[in-house]
A.B. asks: 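The following block contains the structure, expressed as structure tokens.
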Amino acid sequence: MDTVILHSHTDLDYAERAAQVLRRGGLVAIPTETVYGLAANALDEEAVQKIYAAKGRPSDNPLIVHIASFDGWAPLVREIPAPAMKLAKAFWPGPLTIVLPKSDRVPKSTSGGLETVAVRMPSHPAAQAIIAAAKLPLAAPSANISGFPSPTKAEHVIDDMNGRIDMIIDGGDAAVGVESTVISFTGETPQILRPGGVTPEQIRSVIGEVTVSPAALHPLGKNETAESPGMKYRHYAPKAEITVFAGADRAYFRRLAEEKENGVFALCFTEDAERCPVPFVTMGSRSDPLSQAARLFDALRELDERGASQVLARLPDDTGVGLAVCNRLFRAAAFRFHYEAPILGLTGASGAGKSTAACYFIRKEFGFTMVCCDHIARNIVEEPEILAQLVEAFGPEILEFGRLDRRQLAQLAFASEEATQKLNAITHPAILKKVKEITLFLARKGEPTVLDAPLLFSTGLDTLCDLTIAITTDKENLIARIMKRDRISREEAENRLARQEKEQFTSRADIVVRNDNRFSFQAQLRKIIRRVRALDEKNKKHLP
Ligand code: TXA
Ligand code: MG
């Protein structure tokens with residue numbers, strides 16, 4: 001079949017020509033403000049069958065009927081309850097679809113065999129002009145091959161439908177970018193079956209109580225039936241396998257860098273572009289769900305065009321139109337998530353109170369797990385391979401009865417800058433490897449982790465952390481605490497501190513916590529915990 005392509009801006013008779021095709025029982029792809037629709041005469045069984053055939057759509061998935069004026073509504077439904085009318089008056093023409101018991105005029109094929117019908121009045125001028133010219137209600141699902149992302153540009157429709165339908169009207173890019181909100185008035189309380197361009201908050205502000213179908217953000221269980229049949233099918237899916245990343249900012253980029261060799265693509269926010277270590281496609285701005293809605297489907301198609309097979313996507317906020325964005329993205333990802341619990345890096349000069357802070361984080365009520373670099377370091381030197389290297393570097397006097405004499409090693413290794421470097425060159429790589437392994441294992445198992453790391457920055461362990469915290473206090477305090485704790489002279493304590501100065505704890509950390517007084521110290525830590533937890537809750541919210 002030859003598909004005629006017209007432009008609503010330049011082909012002045014586009015509406016009349018589209019209307020002719022529709023009145024003859026043909027198929028026309030039309031622009032709407034949400035996504036492009038594949039339209040046919042909603043009252044003509046045969047024409048409607050062609051829609052299902054062209055899309056490859058299961059015939060039990062009902063179509064939305066589009067009208068151009070309020071007069072067109074009443075003939076399609078049994079009655080219009082007052083709240084439904086109120087809602088239509090508030091949001092029509094616009095991205096809202098209302099489900100009500102259908103009249104006998106609506107054929108079963110249009111309603112997918114249901115006793116109800118979904119009706120919407122689109123606001124796109126070309127859609128309005130075509131419906132008005134055809135003088136018919138138009139059944140129109142999104143104009144994509146069933147299961148693919150919905151089309152938001154005429155090119156998307158051409159890709160999917162050229163040669164399968166009579167006509168495509170190019171009316172520019174869809175402004176909203178996700179489909180309409182579908183709300184049903186067939187139960188006791190109005191229920192949003194599919195989130196879309198009109199938000200639950202907007203609907204509540206007009207009619208009060210409304211529920212959101214659990215299917216909006218969760219996969220249907222085996223024995224659950226879909227209120228909206230569309231919810232049960234694989235949807236919006238590109239060829240690429242998408243995984244939604246639920247974790248902190250830095251964790252996202254760290255994961256991408258790890259997956260670089262595997263050819264992973266990022267589906268990220270525009271703000272992420274500069275930091276992205278792998279090829280990426282953007283899906284709008286992080287704090288602007290409207291821009292995400294406008295971009296999402298195009299971004300999904302772009303990933304396919306660029307040959308992406310594995311994609312790690314950002315987790316959008318689910319408020320406002322973000323609910324619709326999440327709904328589409330989670331389906332495109334077949335509800336695959338990768339969650340990483342928060343990792344906090346704790347550092348500071350010797351004696352500042354890192355360990356005290358770490359012990360606070362691991363209290364039962366806060367639920368963090370601690371990874372202690374010193375502890376791992378202590379154990380590393382016992383490993384035969386490392387011990388042998390130490391003996392070679394510092395001499396057999398670091399051994400006592402064949403075992404490591406820690407005090408002796410410390411004395412030799414901290415005697416000079418050079419000696420310390422020698423020690424570090426032997427132990428640090430092994431320590432780092434182990435610390436990374438354990439920390440990531442915990443975070444990926446879902447355990448919020450606090451990493452106690454005296455050399456957080458110079459070792460690069462800070463890149464493992466979503467948030468770095470430096471504990472600090474006055475120098476005199478530090479010296480006194482070190483002398484007491486390690487039973488060393490003032491001079492030794494001062495030397496040790498001087499060597500640590502290059503860590504630049506306080507200038508490099510995200511947060512500096514002063515440990516001068518126990519109560520304010522704990523209050524500062526609690527504030528951090530609250531902040532980290534709030535972000536973590538958001539990330540965990542959608543996990544199956
Ligand atoms: O924005 C939109 O709504 C776009 C444009 C073209 O208007 N259309 C659209 O249609 O998204 P479609 O067919 O791709 O999605 C219609 C959704 C499906 O999830 C379907 O199951 C649901 O609406 N639906 C249609 N009639 C229904 C009914 N009577 N009861 C419950 N759900 C219904
Ligand atoms: Mg669709």
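These values consider heavy atoms only, across backbone and side chains, with no hydrogens, waters or symmetry-generated copies. Order of appearance sets the numbers: ligands from 1, and atoms from 1 within every ligand.
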A.B. asks: When only distance counts, is Thr116 in polar contact with ligand 1, meaning an N/O pair under 3.5 Å?
C.D. replies: yes
A.B. asks: Answer yes when Glu45 and Lys50 have at least one side-chain N-carboxylate O distance shorter than 4.0 Å, and no when they do not.
C.D. replies: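 Here Glu45 does not pair with Lys50 in a salt bridge, since their nearest N and O are not under 4.0 Å apart.
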A.B. asks: Which atoms of ligand 1 are found less than 4.0 Å from any heavy atom of Gly37?
C.D. replies: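 With Gly37 as reference, the close atoms of ligand 1 come out as 6 (C).
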A.B. asks: Check ligand 1 against Ala140 and write out every atom of the ligand that is under 4.0 Å from a heavy-atom position of the residue.
C.D. replies: 6 (C), 8 (N), 10 (O)
A.B. asks: Near Pro62, which atoms of ligand 1 are under 4.0 Å from a heavy atom of that residue?
C.D. replies: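 Selected atoms, number and element: 20 (C), 21 (O), 24 (N), 25 (C), 26 (N), 27 (C), 28 (C), 33 (C).
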A.B. asks: Under 4.0 Å from a heavy atom of Ile64: which atoms of ligand 1 are those, numbered in the order shown and with their elements?
C.D. replies: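 The atoms of ligand 1 under 4.0 Å from a heavy atom of Ile64 are 3 (O), 8 (N), 9 (C), 10 (O), 16 (C).
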A.B. asks: Who gets closest to atom 13 (O) of ligand 1 by heavy atom: Arg57, Glu179, His124?
C.D. replies: Arg57
A.B. asks: Ignoring angles and geometry beyond distance, decide whether Arg194 reaches within less than 3.5 Å of ligand 1 through its nitrogen or oxygen atoms.
C.D. replies: yes
A.B. asks: Taking atom types as modelled, is there a side-chain donor on Glu209 or Thr189 under 3.5 Å from an acceptor on the other?
C.D. replies: no
A.B. asks: Indicate yes or no: does Arg314 engage Asp249 in a salt bridge with an N to O separation below 4.0 Å.
C.D. replies: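 Judged by the 4.0 Å cut-off on N to carboxylate O distance, Arg314 and Asp249 do form a salt bridge.
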A.B. asks: Can you tell me which portion of Pro141 lies within the under-4.0 Å heavy-atom range of ligand 1? Options are side chain, backbone, both, or neither.
C.D. replies: both
A.B. asks: With no hydrogens and no angle check, just 3.5 Å: does a side-chain donor-acceptor pair link Arg286 and Thr270?
C.D. replies: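 Distance-only check fails for Arg286 and Thr270.
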A.B. asks: So which pairs with a foot in residues 80-109 pass ring-ring contact (aromatic ring centres under 6.0 Å, His included), sequence neighbours left out?
C.D. replies: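 Qualifying pairs, neighbours excluded: Phe70-Trp92, Trp73-Trp92.
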A.B. asks: For atom 20 (C) of ligand 1, which of Thr186, Asn61, Val106 has the closest heavy atom?
C.D. replies: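 It is Asn61 whose heavy atom sits nearest to atom 20 (C) of ligand 1.
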A.B. asks: Below 6.0 angstrom between ring centroids: does that apply to Phe245 and Tyr252?
C.D. replies: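 Yes, ring centres under 6.0 Å apart.
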A.B. asks: Taking only residues two or more places apart in sequence, or in another chain, which ones meet Tyr14 in a ring-ring contact (aromatic ring centres under 6.0 Å, His included)?
C.D. replies: none
A.B. asks: What are the atoms of ligand 1, with element, lying closer than 4.0 Å to any heavy atom of Leu193?
C.D. replies: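 Selected atoms, number and element: 31 (C), 32 (N).
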A.B. asks: So does Asp317 pair up with Lys538, basic N to acidic O under 4.0 Å?
C.D. replies: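 Yes, charged N to carboxylate O under 4.0 Å.
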A.B. asks: Could you tell me, atom by atom, which parts of ligand 1 come under 4.0 Å of a heavy atom of His66?
C.D. replies: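 Near His66, meaning under 4.0 Å from one of its heavy atoms, ligand 1 has 5 (C), 6 (C), 7 (O).
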A.B. asks: Let's go through Gln292 and Ser285 carefully: what are the C-alpha distance in whole Å and the side-chain angles of both, what is the deciding distance for side chain to side chain donor-acceptor pair (under 3.5 Å) to 0.1 Å, and is it a yes or a no?
C.D. replies: CA-CA 6 Å; Gln292 293 162 17; Ser285 171; over 6 Å; no
A.B. asks: Any idea which atoms of ligand 1 are less than 4.0 Å away from a heavy-atom of Leu114?
C.D. replies: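 Checking each atom against Leu114, I get 28 (C), 29 (N), 30 (N).
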A.B. asks: Tyr36 to ligand 1: N or O pair under 3.5 Å?
C.D. replies: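 In this structure, Tyr36 places no N or O atom under 3.5 Å from an N or O of ligand 1.
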A.B. asks: Tell me whether the Mg ion (ligand 2) has Ser142 as a neighbour, meaning an N, O or S atom of it below 2.8 Å.
C.D. replies: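 Coordinating: yes.
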A.B. asks: Is it the case that the ring center of Tyr236 lies less than 6.0 angstrom away from the ring center of Phe297?
C.D. replies: yes
A.B. asks: Is ligand 1 less than 4.0 angstrom away from at least one heavy atom of Ser184?
C.D. replies: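 No; Ser184 lies far enough from ligand 1 that no heavy-atom distance drops under 4.0 Å.
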A.B. asks: Please state whether Lys102 comes within less than 4.0 angstrom of ligand 1, counting heavy atoms only.
C.D. replies: no
A.B. asks: Hey, which atoms in ligand 1 end up nearer than 4.0 Å to a heavy atom of Ser142?
C.D. replies: 8 (N), 9 (C), 10 (O), 12 (P), 14 (O)
A.B. asks: Could you verify whether a donor N or O on one side chain and an acceptor N or O on the other, from Asp536 and Tyr339, lie under 3.5 Å apart?
C.D. replies: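 Distance-only check passes for Asp536 and Tyr339.
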